[in-house]
There are 2 protein chains.
Amino acid sequence: MLYLGEQHIRESISLDEVMDTIEKSFQVYESGDFQMPDRMHVEREEGTILYMPSFTKDVFGTKIISTFPENIKKGVPTVQATMVLNKASTGEPIAIFDGAALTAYRTGAVGGVGVRYTTRENCESVGLIGTGVQGFHQLLFACTARKIKNIYIFDRSKERLISFKEKLEKRIKNVKVNIVDKVEELVLNSEIIITATPAESPVLPDNEEMLKGKHIIAIGSYKLKMRELPKALYTLLDDVYIDTKFAAEESGDIIVPVREKWIKEDQIKIFGELLGAKKPINEKGGTSLYKSVGMGLFDLMVAEAIYNKAIKLQKGQKIQD
Amino acid sequence: MLYLGEQHIRESISLDEVMDTIEKSFQVYESGDFQMPDRMHVEREEGTILYMPSFTKDVFGTKIISTFPENIKKGVPTVQATMVLNKASTGEPIAIFDGAALTAYRTGAVGGVGVRYTTRENCESVGLIGTGVQGFHQLLFACTARKIKNIYIFDRSKERLISFKEKLEKRIKNVKVNIVDKVEELVLNSEIIITATPAESPVLPDNEEMLKGKHIIAIGSYKLKMRELPKALYTLLDDVYIDTKFAAEESGDIIVPVREKWIKEDQIKIFGELLGAKKPINEKGGTSLYKSVGMGLFDLMVAEAIYNKAIKLQKGQKIQD
C-alpha cells in the first residue's frame with residue numbers, strides 16, 4: 001500500500017495530466033459506467049463530516065472530509081480529508097491520500113478544464129476572488145490551461161493577500177501577481193475571473209457593462225444559501241455550463257437564477273457536451289459561466305491516475321503491511 | 001499520522017488491555033455518550049462494502065470493510081478493511097489501521113469479555129468451530145481470560161485444521177491443541193465452545209444432554225439467514241446475553257429462537273449489565289450463551305486505545321505529511 005501526500009502527488013503527476021484525467025472522468029460520467037452512492041453526512045457540534053464513496057470498473061474509493069469552521073482559531077486547516085483507494089476486483093486497499101491535497105488538485109483541475117473549453121484561447125489575464133487553498137489551485141491550473149501573464153487577486157483579508165502572493169510567486173513562474181484593493185479593479189483587468197469563496201451574497205459587481213465578455217469560473221457555492229454571482233451576469237449569458245447535474249440541485253448560483261427567472265432551465269448545459277470540441281466556446285467574445293460543484297467520481301479517477309503514475313515513477317511512501 | 005498494521009498493533013497493546021477497552025466501550029454504549037450513524041452498505045457484483053462511522057467526545061473513526069467471497073479463488077483474503085481515526089475536536093486524521101487486523105482484535109476481545117463474565121472461572125478447556133481469522137483471535141482472547149489447558153478445534157476443511165493448529169501453537173504457549181474429527185467430540189471435551197462460522201444451519205448437535213452446562217460464545221451469525229446454534233441449546237438457558245441490541249435485530253441466532261418461541265423476549269439481556277460483577281454468572285454450572293455481532297463503537301474505542309499506546313511506546317509507522 002502507498003501513502004500519497006501533497007509532495008508525492010506533485011512529484012507523480014503533471015497539472016496537464018490531472019486535467020486530462022478530469023476530461024476522462026467527464027466521459028465516464030456521461031457513459032454512466034460508474035456507481036456513486038449518495039454522500040453520507042454526519043452533523044457534529046464542530047462541523048460536518050462527509051463520506052463520498054464512488055466506484056468504477058477498476059477501482060473504488062472513499063473520501064472522508066470534515067469541515068470544522070472553528071479550526072481557524074486553533075491554527076488548524078478547516079478542511080481535513082483522507083481518501084482510501086481500493087482495487088475493485090478484490091477490495092484490497094492500494095493507497096491512502098492526503099485528501100485535502102487530492103481535493104485541491106482535482107478541484108483545481110475541474111476549474112482548469114473549464115478554462116480549457118469556456119475561455120478564449122488567447123486569454124492572458126486571470127483574476128481570483130477568495131485566496132484559500134482552492135483558489136491557489138484554481139490559479140495553478142488556469143495558468144497551465146492558458147498563457148497567463150497577469151494574475152489579479154482580491155480578498156477581504158489584506159494579510160492573507162500578501163502571503164498568498166508570495167506562495168503563488170514561488171510556484172508559478174513568469175507571471176506577474178497583482179494585489180488589487182477593489183473587486184472592480186480585478187474585473188476590469190481580468191479576462192478570466194475565478195470565484196472561490198464561501199460567500200452568501202455576490203462577490204462580483206452587479207454591473208452588466210463591467211462583466212460583459214468575461215469568462216467566469218465559479219467554484220465556491222455548493223449549497224443553496226451560498227451565492228457568489230450577481231444577477232447582471234446571467235442576463236449576458238447564452239448558456240450556463242455546469243460540471244454535473246448536482247450543480248443545478250445544490251448551488252445557490254444556479255437554483256436562485258432559475259427560480260428568479262434570470263435564466264431559463266434549458267440554458268443550463270452539462271459541461272461534458274463540450275469535450276472534444278476543437279475550439280473553446282465564445283471565441284468571438286461572448287460572456288461565459290462555468291459552475292462547478294464537484295463529485296466523488298473526480299476524486300476517484302484523479303486518485304487512480306496519481307496512484308498509477310506514482311507506481312511507475314516509484315514515488316510515495318510505502319506502507320508496511 | 002501513524003500507520004498501524006497487525007505487527008504494530010501486537011507490539012502496542014496487550015490482549016488484556018484490549019479486553020479492558022471493550023469493557024469501557026460497553027460503559028460508553030450504556031451511557032449513550034456516542035454517535036453511531038447507520039452503517040452504509042454498497043452492493044457490488046463482487047460482494048458488499050460496508051462503511052461504519054462512529055463518534056465519541058474524543059475521536060471519530062470510519063471502518064471501510066469489504067467482503068468479496070470470490071477472493072478465495074484468487075488467494076486473497078475475503079475480508080479487506082481500513083480504519084481511519086480522527087481527532088473529534090478538529091477532524092484531523094491521526095492514524096490509519098489495517099482494518100482486518102483491528103477487526104480481528106476487537107472481535108476477539110468482545111468474545112474474550114464474554115468469556116470473562118459468562119463462563120466459570122475454573123474453565124480449562126475451549127473448543128472452536130470455524131478456523132478462520134476470527135476464530136484464531138477468539139482463542140487468543142479466551143486463553144487470556146481463562147487458564148486454558150486444552151483447545152479443541154473443528155472445521156469442515158481438514159487441511160485448514162493442520163495449518164491452523166501450527167499457527168496457534170506458535171502464538172499460544174502451554175496449551176495443547178487437539179484436532180477433532182467430529183463436533184460431538186469437541187462438545188464433550190470443551191467447557192467453553194466458540195462458534196465462528198458463516199453457517200446457515202446449526203453447527204452444534206441438537207442434543208440437550210450434550211450441551212448442558214456448556215458456555216457458548218457465538219460470533220458467526222450477523223444476518224437473519226445465518227444460524228450456528230440448535231434449538232436444544234435455548235431450552236437449557238435462563239438468559240441469553242447479547243453484546244448490543246443489534247444482535248436481536250440482525251442475527252438469525254436470536255431472531256429465529258424468539259420467533260419460534262424457544263426463548264421469550266424478556267430472557268434476552270444486554271451484556272453490559274454484567275460488567276463490574278465480582279463473579280461470572282453460572283458459577284454453579286448453568287448453561288450460558290453470549291451472542292455478539294459487534295458495532296463500530298468497539299472498533300473506534302479499540303483503535304483509540306491502540307493509538308494512544310503506540311504513541312507512548314513509539315510503535316507504528318510514521319506517515320510523512
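Residue numbering restarts at 1 for every chain, and letters A, B, ... go by the order of the sequence lines. Just so you know, these numbers use all the heavy atoms, side chains as well, and skip hydrogens, waters and symmetry mates.
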Exercise. Check whether more than 12 heavy atoms from other residues, nucleotides or ligands sit under 6.0 Å from atom NZ of Lys173(B), and answer yes or no.
Key: yes

Quiz item: Is the count of non-hydrogen atoms from other residues, nucleotides or ligands lying under 6.0 Å from Glu43(A) atom CD greater than 12?
Solution: yes

Quiz item: What option among Arg44(A), Met40(A), His8(A) has the most heavy-atom pairs under 4.5 Å with chain B?
Solution: Arg44(A)

Practice problem: Pick whichever of Pro37(A), Ser89(A), Ser66(A) has the most heavy-atom pairs under 4.5 Å with chain B. | Solution: Ser89(A)

Quiz item: Any side-chain heavy atom of Met83(B) within less than 4.5 Å of one from Thr62(B)?
Solution: no

Quiz item: Within a strict 4.5 Å, meaning less than it, do heavy atoms of the Phe26(A) and Ile270(A) side chains meet?
Solution: no

Chain A contact via [X] - side chain, backbone, both or neither, heavy atoms under 4.5 Å:
X: Thr82(B); answer: side chain
X: Leu4(B); answer: neither
X: Thr67(B); answer: neither
X: Lys73(B); answer: neither

Self-check item: Side-chain (Arg160(A)) to main-chain (Asp155(A)) donor-acceptor, under 3.5 angstrom
Solution: no

Quiz item: Looking at Ile64(B), Asn86(B), Asn71(B), Val79(B), which makes the most heavy-atom pairs under 4.5 Å with chain A?
Solution: Asn71(B)

Quiz item: Which one of Val76(B), Thr78(B), Asp38(B) has the most heavy-atom pairs closer than 4.5 Å to chain A?
Solution: Val76(B)

Quiz item: At what distance, to the nearest 0.5 angstrom, does CD1 of Ile13(B) lie from NZ of Lys309(B)?
Solution: 6.0 Å

Quiz item: Does a donor on one side chain sit under 3.5 Å from an acceptor on the other, for Thr90(B) and Lys74(A)?
Solution: no

Self-check item: Atom group of Glu46(A) that falls short of 4.5 Å from chain B, counting heavy atoms
Solution: side chain

